[in-house]
Amino acid sequence: MSTEQLKITLPNGDVLQMPLGTTSGEVAAHIGPGLAKAALAAVVNGETVGLMEPIVEDAEIRILTDRDSDALPVLRHSAAHILATSVRELRPEAAIGFGPAIDDGFYYDFEVDEPFTPEDLEAFERKMIDVAAADQMFERRQVSKSEARDLFSDDPLKLERLEEFEDDEVITVYANGPFLDLCKGPHIKSTGGLKYFKLTSAAGAYWRGDEKRQMLQRIYGTAFHRKNDLEEHLHRLEEAKRRDHRRLGRELGLFQFHPVSPGAPFWTPRGTILYNTLEQFVRTRQREDFLEVRTPLMYTKELWEQSGHWGKYRENMFLVLDNESGEHNMSLKPMNCPSHHLYYASETHSYRELPLRFVTLDVLHRNELSGALSGLTRVRQFAQDDCHVYLREDQIAEEVQFLTDFILGHYAAFGLESRVKFATRPEQRIGSDEQWDHAEAELRQALESTGCEYDVEEGDGAFYGPKIDFHVTDSIGRSWQLGTIQLDYSAPERFGLEYVGSDNKPHRPVIIHRAVCGSFERFIAILIEHYAGAFPTWLAPEQVRVMSVGQDWDESAHQLVEVLVKAGIRATLQSRETLGYRIREAELHKIPYMAVVGEREALDSTVAVRERGKGKKQEVMSRDSFVSLLKEKISTRSLT
RNA sequence: GCUCUGAUAGCUCAGUGGUAGAGCGCGUCCUUGGUAAGGACGAGGUCGCGGGUUCAAACCCCGCUCAGAGCUCCA
């Protein structure tokens, strides 16, 4: 029997002739011994596969080494198996669930009687080192479903998964040493390929993510090809901890929480300045093109029935008892939309008036699950910079362009980099396919016309319409979803909204939901972490800390404070303790400017200015120059 | 909400079935300072709340509250 030849195309365009059934590992070896050694996996016709898998058709092939980010999930998935191998060795009674690679690493779920302790994790980690040292091969096998049933007869969770396959389906299993898993792979060659890894945490997780099913114990870990990458990753985690807004919020005295109102922040005087400054910034930017309205915080259920919230969102609403009827037939508002719709409907509108943009910064309440609350990023009471635009269909493109510029401009003011995502129809939705086709086309075209780059997220739209989501990346590379532009054809129907067209006939407007900050609370949390608490001058709760060298110069220092305050600058005097102590205190509180007054400065009306984080490098300037410098920084909202 | 972990001074945390500890912060006094901690003394705690076990509970057990991690990634 003559061997059939395969055409193997390499990334550089070279074509190799290899026999049918050649493995990608053999291809790598054919290219060179260096590559064979470095090879971890391969991409064959777009699919990531292990090196031992035979190639059965002509293929474009790319060998993955530790330089390819595509190779990381393979390593991490193998790390998950090595973890399970170790857990099975130390805790043989543990039933194995799933163990995939995830964005930052991997996890594996186990069903055990006793949850894992930190000591268990350490023991598993040590055992993983042994397993890696044993250099067990990852062997891929294909079996029938009934064979698989025998192989996994002791693994109830695997058996459950197995039953979801067709009876004649070929099942792939992977074995390394004593450990066998139902797994499509691919994996690295052998356990020895795992060198730089760490188990990070353990927590409960529902079997198959279903809260009605049993709780398994999940172990999280991460793994990298290179030591440097692991160290960088761990360093990033440390850095995130250092910048945690909950910690900085306490240290800098910005906000507090109290058990008597879970999920609702208390803003301190400093935090309130920060909040108000942000709010004022938002108001200033919206003064010309938006109409701010204040609306009630509480509504009867009739409104929520009309908006659809009573049916779909009631679990998240704080219902209020009406003493007269004895019923919970009112609710604090979780969103502003219905009140804006009501206001729109209260007058007859001409097509000439549109677009109309109503903005409300009121307090909203949403009853989030207690376990979901977290600092300022997930709260029960917050305020959105919430806007609803009422417009004609022919205005959509122009409006989306306007709003997109507006939103991106907001993030740029804080030095936040942004990314745009276009989210299309979700599975659960209202409205006909024709409506969706139309809405998506409109929105996409509008987005195209802005010229900004965007990713498409299929199925991620709101149930009433497609949307554009705005994500920002903070200074340590974490991504946050903030702003949104959502097209809504449904609410105008529900609320019977109309405008009078040039034909003197009623027409239905379209609504765009728009938020920029998301919520002020969350946005402030992001700012705190982004700046690590060192706010630019215009945002800093205290902008200048004035200190005298000694009490003899207190009077002079006090005069400087008065000049600064009169100029609208947030300045305070600190004259106790030694100068060194006060400098340290001001640095730790991340106050942008320290202004020192001593004999020299008092005599010629100057001030010695020290900038936060710049150490001893100081500049002596006239008091007028200092005031001008500060005014310039503040009015331009300088980020430096 | 569910699983696990935790809750001790304003903050960060140590600690033990038998009298409550440190550092920082705070107060008073001394020091009168030139750019990241001057010194002395002192005040401050129903050890989260409620029950139980015990001669004795802040410590052991149960419940509650609040907080933290996780509960989307699918052989």
Side-chain angles (χ1 to χ4, degrees), chain A residues 73 76-77 80-81 96-109 112 114-118 143 145 148 152 155 157-165 169-174 180-185 200-220 244 246-247 250-251 253 256-263 315 367-375 545 547-554 575-589 594-601 608-618 620:
Chain A
R76 289 169 172 177
H77 188 186
H81 278 226
I96 49 176
F98 293 149
I102 53 176
D103 283 350
D104 279 336
F106 62 90
Y107 69 76
Y108 212 110
D109 286 342
V112 282
E114 289 292 311
F116 300 123
T117 63
V143 297
K145 186 166 165 181
F152 293 101
D155 290 306
L157 302 177
K158 291 292 176 188
L159 285 178
E160 180 183 329
R161 172 66 186 117
L162 201 52
E163 287 317 309
E164 292 167 16
F165 290 98
E169 214 166 328
V170 176
I171 312 284
T172 311
V173 301
Y174 270 86
L180 184 72
D181 202 351
L182 182 67
C183 169
K184 76 174 169 215
T200 47
S201 62
Y206 298 106
W207 170 230
R208 315 210 77 167
D210 183 347
E211 60 186 68
K212 294 187 182 65
R213 305 295 301 267
Q214 73 269 39
M215 180 75 70
L216 307 182
Q217 291 300 314
R218 174 170 298 179
I219 297 177
Y220 284 93
D244 190 317
R246 292 168 298 192
R247 170 199 175 118
R250 195 184 323 102
E251 286 176 1
Q256 306 169 346
F257 286 91
H258 194 283
V260 295
S261 190
E315 284 190 357
N367 198 354
E368 303 287 351
L369 291 179
S370 59
L373 300 178
S374 178
R545 175 80 50 97
M547 36 197 118
S548 62
V549 170
Q551 276 174 6
D552 290 350
W553 324 111
D554 272 4
S575 56
R576 294 183 56 245
E577 296 292 347
T578 59
L579 186 61
Y581 181 91
R582 285 174 282 162
I583 292 284
R584 175 181 155 82
E585 200 177 34
E587 289 280 2
L588 289 176
H589 284 92
M594 285 149 272
V596 178
V597 176
E599 185 174 14
R600 301 194 291 265
E601 293 78 13
V609 177
R610 172 175 164 141
E611 253 185 276
R612 171 183 63 201
K614 298 273 172 69
K616 285 188 179 171
K617 196 185 109 194
Q618 66 167 1
V620 179

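Residue numbering restarts at 1 for every chain, and letters A, B, ... go by the order of the sequence lines. Please read these numbers as outputs of a predicted model, since none were measured by experiment. Reckoned from all heavy atoms, side chains included, excluding hydrogens, waters and symmetry mates.
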B:G34 P sits how many Å from A:Asp552 CG, rounded?
-> 13 Å

A:Arg600, nearest nucleotide to its side chain (from B:G33, B:G34, B:G38) = B:G34

At under 4.0 Å between heavy atoms, what does A:Leu588 touch on the DNA or RNA strands: base, sugar-phosphate, or nothing?
-> base

Helical stems, RNA chain B - three or more consecutive Watson-Crick or G-U wobble pairs below 3.5 Å | B:1-7 with B:65-71, B:10-13 with B:21-24, B:26-30 with B:38-42, B:48-52 with B:60-64

Name the closest nucleotide to the A:Leu579 side chain, picking from B:U35, B:G38, B:A37.
-> B:U35

Whole angstrom value for the distance that separates P of B:G25 from NE2 of A:His589 | 11 Å

In whole angstroms, how far is the C1' atom of B:G1 from the CD atom of A:Glu315?
-> 10 Å

Please state the P separation for the pair B:G42 and B:G21 - nearest whole angstrom.
-> 15 Å

B:U16 to B:G63 separation - C1' atoms, rounded to the nearest Å = 25 Å

The answer to which of A:Pro115 and A:Gly598 contacts RNA chain B further toward the 5' end, by nearest nucleotide, is A:Pro115

Output the single nucleotide from B:G38, B:C11, B:U35 whose closest atom is nearest the side chain of A:Tyr581.
-> B:G38

Taking CD from A:Glu251 and C1' from B:A36, how many angstroms apart are they, rounded to a whole number?
-> 16 Å

Nearest-neighbour nucleotide for the A:Glu601 side chain, B:C73, B:G27, B:G34 considered = B:G34

For A:Arg610, the option from A:Lys617, A:Met594, A:Arg545, A:Met547 that meets side-chain contact (heavy atoms from CB on, under 4.5 Å) | A:Met594

A:Tyr107 ring centre to A:Arg218 NZ or CZ under 6.0 Å, with the angle to the axis within 45°?
-> yes

Is A:Glu160 paired with A:Arg213 through a side-chain N to carboxylate O contact shorter than 4.0 Å?
-> yes

Please determine if a side-chain N or O atom of A:Arg610 lies less than 4.0 Å away from the OP1 or OP2 oxygen of B:A36.
-> yes

When the P atoms of B:C13 and B:G48 are considered, how many whole Å apart are they?
-> 15 Å

Grab the NZ-C1' distance between A:Lys212 and B:C2 for me, whole Å please.
-> 12 Å

Please test A:Glu587 against A:Arg582 for salt bridge (charged side-chain N to carboxylate O under 4.0 Å, His left out), starting from the C-alpha separation and ending with a verdict.
-> CA-CA 9 Å; A:Glu587 289 280 2; A:Arg582 285 174 282 162; over 6 Å; no

Looking only at atom C1', what distance separates B:G39 and B:G33, rounded to whole Å?
-> 13 Å

Side chains of A:Val597 and A:Val549: closer than 4.5 Å at any heavy-atom pair?
-> no

Side-chain donor-acceptor pair present, A:Glu601, A:Trp553, cut-off under 3.5 Å = no

With P as the reference atom in both, quote the distance from B:C4 to B:A57 in angstrom, rounded to an integer.
-> 28 Å

Is any side-chain heavy atom of A:Arg208 less than 4.5 Å from a side-chain heavy atom of A:Phe98?
-> yes

Please work out which of the three classes, parallel, tilted or perpendicular, describes the rings of A:His81 and A:Tyr108, given edges at 30° and 60°.
-> perpendicular

Heavy atoms under 4.0 Å, any strand shown: does A:Glu585 hit a base, just sugar-phosphate, or nothing?
-> nothing

Taking the P atom of each, how far is B:G25 from B:G70, in whole Å?
-> 33 Å

Reading nucleotides 66-72 of chain B 5' to 3', which nucleotides get B (base under 4.0 Å from a protein heavy atom), which S (sugar-phosphate only), which -?
-> SSSSBBS

Would you indicate whether the side-chain heavy atoms of A:Ile583 and A:Thr578 approach each other to under 4.5 Å?
-> no

Provide the distance between the two C1' atoms, one in B:A69 and one in B:C26, to the nearest whole Å.
-> 34 Å

Could you tell me whether the side chain of A:His77 and the main chain of A:Pro73 form a donor-acceptor pair under 3.5 Å?
-> no

Quick check: are there more than 12 heavy atoms from other residues, nucleotides or ligands sitting under 6.0 Å from CD of A:Glu315?
-> no

Which value, in whole Å, describes the distance between the P atoms of nucleotides B:U8 and B:A40?
-> 29 Å

Whole-Å distance separating the CD atom of A:Glu577 from the P atom of B:U31 = 14 Å

When all nucleic acid strands are considered with a 4.0 Å heavy-atom cut-off, which category describes A:Ser548: base, sugar-phosphate, or nothing?
-> nothing

Starting from C1' on B:A37, measure out to CZ on A:Arg576 and report it in whole angstrom.
-> 13 Å

Specify the separation, in whole Å, of atom OH of A:Tyr107 and atom P of B:C4.
-> 20 Å

Side chain of A:Ile583 - closest among B:A36, B:G34, B:G38 = B:A36

